[in-house]
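Start at 1 and go down the list; that is how both ligands and their atoms are numbered. Since we're looking at a predicted model, the values are computed, not measured. In what follows, residues are counted from 1 in the order of the sequence shown.
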Amino acid sequence: MQPLNLSATLILFLFCLFQLASAWPVNNFLMAGPKAYLTYANSVQVGAQNGIQECKRQFALEKWNCPENTLPLSPHNSLRSATRETSFVHAISAAGVMHTLTKNCTAGDFDNCGCDDSRIGQPGGTGWIWGGCSDNVAFGEEISKQFVDALEDGHDSRAAVNLHNNEAGRLAIKVTMRKACKCHGVSGSCTIQTCWMQMADFREVGNYLKMKYKHAKKLEMDKKAVRAGNSADNRGAVTHTVLSIAGTELIYLESSPNYCVKNQSLGLHGTEGRECFKEDKNMSQWERNSCRRLCNECGLRVVKKLTEVFTSCNCKFHWCCTVKCEKCKRVVAKYYCAQKSRRKKNKGAKRRNKADQQ
Ligand SMILES: *[C@@H]1O[C@H](CO)[C@@H](O)[C@H](O)[C@H]1NC(C)=O
Ligand SMILES: *[C@@H]1O[C@H](CO)[C@@H](O)[C@H](O)[C@H]1NC(C)=O
Ligand SMILES: *[C@@H]1O[C@H](CO)[C@@H](O)[C@H](O)[C@H]1NC(C)=O
């Protein structure tokens with residue numbers, strides 16, 4: 001499968017959402033109909049992209065490093081599976097949409113939504129009262145449900161698991177929220193504070209979900225039933241099991257495939273060609289181990305490529321007031337995973353070619 005380019009993918013994603021727009025259950029809290037769809041669609045798209053971006057950051061130096069786009073969420077995607085990794089994709093996407101929409105709301109981007117002022121003026125605790133602009137997460141949550149959950153139109157066990165993970169993503173936003181306060185009183189004496197609840201940076205939500213990913217729980221189901229997918233009995237059993245698991249935990253049904261290996265039918269690229277990092281002065285243990293993890297553990301070798309980079313250097317200050325720099329060429333070593341056998345074959349081929357020429 002050729003990787004789709006980003007804009008084509010987004011169009012597909014939107015198309016998918018668009019098809020669902022007519023089937024939305026729209027409650028009073030939101031605007032109804034196509035107007036609502038158009039109002040939020042762009043922000044939903046931005047939010048879903050933020051989710052995938054954060055996924056890529058969290059998994060940058062891992063064998064599996066996230067899908068290129070939001071397509072895996074589409075119910076009509078043949079690559080759909082319910083692994084530990086897809087549980088993360090679902091959670092981070094649902095969270096991304098909720099986070100972005102809530103931010104939009106706080107920023108006043110939508111006419112029908114503003115700060116959560118339900119507690120303003122009420123005492124909060126010793127020395128503080130509710131005030132300021134609390135993020136209206138209920139709004140973002142609702143939109144995320146309507147757009148992201150609507151993609152699960154199936155009635156199989158996977159749909160139940162995906163919906164649970166979407167919800168876990170949204171709960172992550174709530175769990176990581178914290179109180180921010182401002183001091184009042186004579187010359188900042190802080191005799192009284194006003195406080196409000198605000199969402200954590202999305203990065204922090206990503207860290208939290210990554211931790212949940214590490215502890216994700218596998219639902220042990222009858223394998224035949226899972227494969228069959230939509231038998232009613234099976235769904236009942238799955239729903240029952242899913243309900244017994246805390247909402248904040250990620251869950252999955254299937255073991256992960258081998259992410260070392262390219263597998264087109266599963267849409268996996270494998271780790272061949274991935275860049276990794278060798279010992280450097282200032283690298284985390286995680287980065288320092290990246291070549292071993294991505295290449296060696298996958299039966300690949302590490303190849304070094306020298307690349308020229310140009311940087312500013314020998315900068316001089318000129319009176320007055322400019323700084324002039326020279327461009328300096330620097331050769332840096334980059335490392336990539338490569339097949340073990342291929343090089344030998346090529347060398348062999350070259351030798352043979354040489355022999356032929358002589
Ligand atoms: C919502 O926020 C995102 C990200 O900041 C922005 O790209 C988008 O345009 C905003 N939506 C609206 C309707 O302003
Ligand atoms: C790709 O994955 C499928 C499903 O797990 C498996 O049956 C198949 O053998 C894999 N193909 C390769 C080339 O590994
Ligand atoms: C190296 O890492 C330390 C600790 O993480 C950091 O404080 C320092 O700024 C880094 N130095 C460079 C050159 O990146």
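- With Glu152 contributing its side chain and Asp149 its backbone, the two residues share no donor-acceptor pair below 3.5 Å.
- At least 2.5 Å separates the SG atom of Cys276 from that of Cys295.
- A salt bridge links Glu308 and Lys329; the closest N-O separation between the charged side-chain nitrogens and carboxylate oxygens is under 4.0 Å.
- Annotation: ligand 1 has protein neighbours Asn42, Ser43, Val46, Thr100, Asn104, Asp109, Phe110, each with a heavy atom less than 4.0 angstrom from the ligand.
- Remark: side-chain polar atoms of Ser290 are not paired, donor with acceptor, to backbone N or O of Trp286 under 3.5 angstrom.
- For Asp135 (side chain) and Val137 (main-chain N/O), no donor-acceptor pair under 3.5 Å exists by modelled atom type.
- Between the side chains of Gln53 and Gln49, no donor-acceptor pair is found at a separation under 3.5 Å.
- For a threshold of 3.5 Å applied to N or O pairs, the pair formed by Lys262 and ligand 2 contains no separation below that value.
- The only member of Tyr252, Trp64, Tyr213 that meets side chain to side chain donor-acceptor pair (under 3.5 Å) when paired with Glu85 is Tyr213.
- Counting the atoms of ligand 2 from 1 in the order shown, those under 4.0 Å from a heavy atom of Leu266 are 2 (O), 5 (O).
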